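Naming: A, B, ... by sequence-line order, numbering from 1 per chain. Being a predicted model, the structure only gives us computed values, none of them experimental. Atom set for the values below is all heavy atoms of this structure, side chains included, hydrogens, waters and symmetry mates excluded.
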Protein chains: 2
Amino acid sequence: MRHAEFDRERVLRAAMCTFMVNGFSKTSMQDLTKATGLHPGSIYCAFDNKKGLFIAAIEQYQQDRTDQFKQLFANDRSAVDNLSDYLAQILQECLSCDATKACLLTKSLSEMGEQDEQIKQITCQFLQSWHQSLAQVFDTAKAQQLIPQESDSQFLAQYLVMGIYGLRTVANTQPNVEVLQPLADKLLADLIRQ
Amino acid sequence: MRHAEFDRERVLRAAMCTFMVNGFSKTSMQDLTKATGLHPGSIYCAFDNKKGLFIAAIEQYQQDRTDQFKQLFANDRSAVDNLSDYLAQILQECLSCDATKACLLTKSLSEMGEQDEQIKQITCQFLQSWHQSLAQVFDTAKAQQLIPQESDSQFLAQYLVMGIYGLRTVANTQPNVEVLQPLADKLLADLIRQ
DNA sequence: ATTATTCTTGAATGCATATTCAATTAAGGA
DNA sequence: TCCTTAATTGAATATGCATTCAAGAATAAT
């Protein structure tokens, strides 16, 4: 017996970044061998093919985002304050020059959703699960009496999802705090307005 | 002398649709010859190469959208009613099964903005000009005393742009009126709220 | 009708790139 | 220490695709 030598998470995060910057089609196997340090044969042995590595990278992305989300909301503070911090964090990502600027899920869905049913299902499922996590935050806000009892958590979460998608897209053309901050502020205000 | 036989606008709209569905990378010259009815040589003669046809298609897209926009807002009705109709129209596109589901500008910017400076510039410029047109609508709304005099038209337009980007992305995962209509309604309400 | 000019045709070309594979290397059990 | 098993290596392969080009066809001017 002999174990794989490479660190799977490190390899997946390297691939993840490459896919986030270039998209699936414009990322070549050569790009991936350079980014991961793995030779073609090793990639094919461990992930079947380029798409297999892509899917594994998407799953790692979702895992990382879920962990990050849980960490941020695992406290007893006001749900609205947590949401405010969460938006600030997303805004930082939008402004950064690295790969996190884009969301791998929406980018992949937009690029391949029309042709690849499997990618469409995986990304939609992960985005849906994110939506549910946000709905729970609005449930908490309701329990904390920060928003009206008759609020629809599912709807508010969907509206926030829409706003974050929009923010990330605006950031593609206008990557300035001056533009993005007021948008994020109004978005949050419109969500918690009585 | 001999004139080109094909109808340029028809060819560009066919190419436009193909690019909207598949993106640039996943659209092959074979797809384009099939969609346009033109042979490779004719395409290269008229548009230099695949990217040349792509840029021409983007320009046609912008032209068509601008015409459509002008037509919808060229009347003396309330600017808010016009905006409402405009959103309803976008919602219809989101729900349709054809290519108009996606916005060619944002899709292209997301796919190629990172690698291709020229595509980035063109798409950003067109999106910016759309933003300005929307700002004018809010100026009209101000003149009609439908929104407060101290409103920032530029900001409101930017917020609407963000919302529409978001709506189109939500439509990728949830292409239902039941989901999209309330989002669009709240978006408009949040824009004209006193 | 003739000719010059330009467009059209579609097979041929060359290149980029995903994938394979046989040889090599290393690990762990007997 | 030896042997079995599995991972690694990177050159070779095969394929798909953008692009070219030379021959043919159509147009308009003379």
(request) Scan nucleotides 15-22 of chain D nucleotide by nucleotide, 5' to 3', and note B when protein non-hydrogen atoms come under 4.0 Å of the base, S if they reach only the sugar-phosphate, - if neither. (result) ---SBBB-

(message) Test your reading of the model: is there a side-chain donor-acceptor pair from B:S110 to the backbone of B:T106, 3.5 Å cut-off?
(response)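 Here the side-chain-to-backbone pair does not exist.
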
(request) Could you tell me whether the side chain of B:Q149 and the main chain of B:K142 form a donor-acceptor pair under 3.5 Å? (result)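 Such a contact is found between B:Q149 side chain and B:K142 backbone.
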
Check the distance between [N]'s [atom2] and [X]'s [atom1] and give it to me in whole angstrom.
X	N	atom1	atom2	result
A:F47	D:dT8	CZ	C1'	14 Å
A:I43	C:dC21	CD1	C1'	16 Å
A:L38	D:dA7	CG	C1'	10 Å
A:L53	C:dA18	CG	C1'	13 Å
A:D31	C:dA18	CG	C1'	13 Å
A:K26	C:dA16	NZ	P	15 Å

(request) Answer with yes or no after comparing the ring centroid distance for A:F54 and A:F19 against a 6.0 Å cut-off, counting only values under it. (result)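 Judged by ring-centre distance (under 6.0 Å), A:F54 and A:F19 do meet the cut-off.
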
(request) Under the salt bridge (Lys or Arg N to Asp or Glu O under 4.0 Å) rule, collect the residues that match up with A:R13, sequence neighbours excluded. (result)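 With neighbours one apart ignored, the set is A:E9, A:D64.
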
(request) Check side-chain hydrogen bond (donor to acceptor under 3.5 Å, both in side chains) between A:N82 and all other residues, then give those that pass, not counting sequence neighbours. (result)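 Checked A:N82 against side-chain hydrogen bond (donor to acceptor under 3.5 Å, both in side chains); matches are A:N75, A:R77.
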
(message) So if I take residues 11-20 of chain A and measure heavy-atom distances to DNA chain D, which residues fall below 4.0 Å?
(response)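 Residues of residues 11-20 of chain A under 4.0 Å from DNA chain D: none.
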
(message) Please list all pairs meeting side chain to side chain donor-acceptor pair (under 3.5 Å) that have one or both residues in residues 34-50 of chain B, counting only residues at least two apart or in different chains.
(response)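 Listed by first then second residue: nothing to list.
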
Is the shortest distance from a Lys or Arg side-chain nitrogen in [X] or [Y] to a carboxylate oxygen in the other one below 4.0 Å?
X	Y	value
B:E114	A:K101	yes
A:E93	A:R168	yes
A:R193	A:D190	yes

(message) I want to check one thing: is the phosphate of C:dG10, taken as OP1 and OP2, less than 4.0 Å away from some side-chain N or O of B:H39?
(response)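 Yes, such a contact exists.
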
(message) Please report the end-to-end axis angle for the helix from C:dA1-D:dT30 to C:dA30-D:dT1, five pairs per end, rounded to 10 degrees.
(response)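 Its terminal axes enclose an angle near 0°.
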
(message) Which heavy atom of B:T123 sits nearest to which heavy atom of B:K120, and what is that distance?
(response)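 In this case the closest contact between B:T123 and B:K120 is OG1-O, 3.1 Å.
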
(request) Please assess B:Y86 against B:F73 for the test ring pair (Phe, Tyr, Trp, His ring centres under 6.0 Å), listing each intermediate value before the final yes or no. (result) CA-CA 9 Å; B:Y86 183 59; B:F73 286 92; 5.6 Å; yes

